[in-house]
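Along the sequence shown, residues are numbered consecutively beginning with 1.
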Amino acid sequence: MSWIQEAELNPVERLCASILKVGPMPEHVAFIMDGNRRYAQKCRVEREQGHSQGFEKLAETLRWCLNLNIREVTVYAFSIENFKRSKEEVDGLMELARQKFTRLLEEQENLKKHGVCIRVLGNLTLLPVDIQELIAQAVLATQSYNKCFLNVCFAYTSRHEITSAVREMALGVEEGLLKPSDLSESLLGKCLYSSSSPDPDLLIRTSGEVRLSDFLLWQTSHSCLVFQPVLWPEYSFWNLCQAILQYQVNHAALQKAKLLHEAACQRQQVEADLACVLEQMSTLGETEGTECKQELILKYSREREERVSNFLQRLENKRRKFLTDLVQGSSPFLHV
């Protein structure tokens, strides 16, 4: 089945979509696609078929999102914790991934037509090399598209993502690219796998479970969380509409909390810069220090921003090189 379906909404769905669009719409929606195994058990079919049905539902859901002008979707496709499942099930999931990423590469014209940029977030080194190579090809082939974005979290957990970000910042300090005073909440967010994306406005989990299962823990602190009882392969357009309505009801409170948090982060950065400048001024005479205080603050802020920018560019180059090396047939052991 194609990743991107061409079918339009039916007249009733179009009417509902038009009504929804009168209110605030989420630009980025994340899905924990839970319930594939229970669906297979319910229908008395093999687990592999349940997972395959789950992928078909993803393709259908992406079509709904495109028609609702939702520009970015992030899905939890495979957790690092899923490697603990039976070998038979893990092998089946890896084979499904091979098939679907191969199909994705065959759909270049369709992806280009819709401008779909594919990103895969996670520790790709945990995956079989051939799947790493397929993923690298898909990511690099679509990296210039910018009409809409599909982020597939594969071999992913949020705790691993945050740990990797902290490790990268520590390495930056060790290599002299950053000063310890440059480390901040804002910088950590920019070191995450998802740094190229805005945080999700809405996170939806199906199957009735009411936990995040180590998914986007950092990014969803100001997201609307919606837990729905339907199994993922049975998800419908109306379930999605219901979740969007819940987002709209809570939109004002979510935006207020987000703005307050952003303002607090800005204040913290100003205070951190000021503390560093005051430490520098302690070595100057009192008169000289008073006269150049503002100038020192501006100079320090510019230098910090330059250090951070250079560090982030180097991190981006490192991650891109990992993918490029995979496409060229090499697979260095780096965390992406």
Side-chain angles (χ1 to χ4, degrees), residues 3-4 20 24-36 51 54-55 57-82 100 116-123 135 139 147-162 164-165 189-190 192-233 235-237 239-251 253-255 257-258 261:
W3 284 68
I4 306 294
L20 280 176
M25 290 292 290
E27 295 183 3
H28 182 184
V29 178
F31 292 93
I32 301 178
M33 307 177 293
D34 195 17
N36 292 340
H51 291 304
F55 173 80
K57 183 56 63 176
L58 169 60
E60 190 174 11
T61 303
L62 292 175
R63 173 175 68 85
W64 299 331
C65 289
L66 283 174
N67 280 281
L68 288 165
N69 298 330
I70 296 171
R71 294 186 66 246
E72 187 151 3
V73 172
T74 299
V75 296
Y76 204 2
F78 189 86
S79 167
I80 291 175
E81 295 298 312
N82 290 155
K100 299 313 178 183
V116 181
C117 176
I118 304 294
R119 302 183 184 124
V120 180
L121 316 180
N123 185 359
I135 288 172
V139 171
K147 290 183 180 178
C148 51
F149 302 87
L150 172 60
N151 307 311
V152 182
C153 292
F154 207 88
Y156 171 94
T157 63
S158 189
R159 284 175 293 180
H160 182 277
E161 178 184 32
I162 294 169
S164 296
K190 293 174 182 176
L192 298 174
Y193 298 143
S194 62
S195 59
S196 298
S197 301
D199 291 342
D201 302 298
L202 170 63
L203 182 146
I204 299 168
R205 178 166 188 159
T206 57
S207 86
E209 294 288 346
V210 288
R211 54 196 172 91
L212 294 181
S213 295
D214 214 346
F215 180 56
L216 301 181
L217 301 180
W218 184 277
Q219 297 90 332
T220 55
S221 58
H222 298 101
S223 303
C224 178
L225 308 183
V226 176
F227 301 96
Q228 298 177 300
V230 59
L231 300 177
W232 174 251
Y235 203 70
S236 73
F237 176 77
N239 295 129
L240 179 58
C241 290
Q242 180 189 31
I244 293 172
L245 277 171
Q246 192 164 336
Y247 164 77
Q248 292 178 335
V249 168
N250 292 280
H251 177 262
L254 292 168
Q255 287 300 107
K258 184 177 180 180
H261 178 257

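- Between T157 and S79, the shortest heavy-atom contact is CG2-OG, 3.6 Å.
- Here D199 pairs with nothing under the side chain to side chain donor-acceptor pair (under 3.5 Å) rule; sequence neighbours left out.
- Contact check for Y193 versus H160: side-chain heavy atoms found under the 4.5 Å cut-off.
- Between H251 and Y247, the gap from one ring centroid to the other is short of 6.0 Å.
- With rounding to the nearest 0.5 Å, the separation of CG in L121 from SG in C153 is 4.5 Å.
- Closest of all the heavy-atom pairs between G189 and W218 is CA-NE1, 3.9 Å.
- Scanning for salt bridge (charged side-chain N to carboxylate O under 4.0 Å, His left out) contacts around E27 gives an empty result, with sequence neighbours left out.
- The CG atom of N123 lies 6.5 Å from the OG atom of S164; values are rounded to the nearest 0.5 Å.
- Residues meeting the side chain to side chain donor-acceptor pair (under 3.5 Å) test with Q242, sequence neighbours left out: Q228.
- When side chains are defined from C-beta on, L68 counts as touching L240, because their heavy atoms get closer than 4.5 Å.
- Of the inter-residue distances, the one linking I32 atom CD1 with L212 atom CG reads 5.5 Å to the nearest 0.5 angstrom.
- Residues L231 and T206 form no side-chain contact, since every pair of their non-hydrogen atoms from C-beta on lies 4.5 Å or further apart.
- Scanning for ring pair (Phe, Tyr, Trp, His ring centres under 6.0 Å) contacts around F215 gives Y76, with sequence neighbours left out.
- Scored by the ring pair (Phe, Tyr, Trp, His ring centres under 6.0 Å) test, H28 finds no partners at all (sequence neighbours excluded).
- In this structure, the side chains of K258 and L254 stay at 4.5 Å or more apart for every pair of heavy atoms.
- Side-chain contact between S158 and D214 is present, with at least one heavy-atom pair separated by less than 4.5 Å.
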Side chain to side chain contact (heavy atoms under 4.5 Å, CB included) assessment of I244 paired with I70: CA-CA 11 Å; I244 293 172; I70 296 171; 4.1 Å; yes

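- Two residues are said to be in side-chain contact when any heavy atoms from C-beta on lie closer than 4.5 Å; P24 and Q255 fail this criterion.
- Relative ring orientation between W64 and F237 is described as perpendicular, the plane-to-plane angle rising above 60° on a 0-90° scale split at 30° and 60°.
- At least one side-chain heavy atom of H261 sits under 4.5 Å from a side-chain heavy atom of H222.
- Taking every heavy atom of both residues into account, L20 and C241 meet most closely at CD1-SG, 3.6 Å.
- No side-chain heavy atom of W232 sits under 4.5 Å from any side-chain heavy atom of D34.
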Side chain to side chain contact (heavy atoms under 4.5 Å, CB included) assessment of F227 paired with E209: CA-CA 7 Å; F227 301 96; E209 294 288 346; over 6 Å; no

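- Evaluation of the side-chain contact (heavy atoms from CB on, under 4.5 Å) rule for K147 yields no partner, not counting sequence neighbours.
- Applying the side-chain contact (heavy atoms from CB on, under 4.5 Å) criterion to V139, with sequence neighbours excluded, gives V120, I135, L323.
- Not counting sequence neighbours, the partners of E81 by the side chain to side chain donor-acceptor pair (under 3.5 Å) test are K84.
- Partners of N69 under the side-chain contact (heavy atoms from CB on, under 4.5 Å) rule, at least two apart in sequence or in another chain, are K21.
- Residues that satisfy the side-chain contact (heavy atoms from CB on, under 4.5 Å) test with S236, not counting sequence neighbours, are W238, N239.
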CA sep, side-chain torsions, deciding dist, call: S194, N151, side chain to side chain contact (heavy atoms under 4.5 Å, CB included): CA-CA 8 Å; S194 62; N151 307 311; over 6 Å; no

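- Residues satisfying the salt bridge (charged side-chain N to carboxylate O under 4.0 Å, His left out) test with R119, not counting sequence neighbours, are E72.
- Across all their heavy atoms, G54 and N36 have their closest contact at CA-OD1, 3.5 Å.
- For the pair Y235 and T61, the tightest heavy-atom approach, listed with the atom from each and the gap, is CD2-OG1, 4.3 Å.
- Of all heavy-atom pairs between S223 and Q219, the closest is OG-O, 3.7 Å.
- Residues satisfying the side chain to side chain donor-acceptor pair (under 3.5 Å) criterion with D201, sequence neighbours excluded, are absent altogether.
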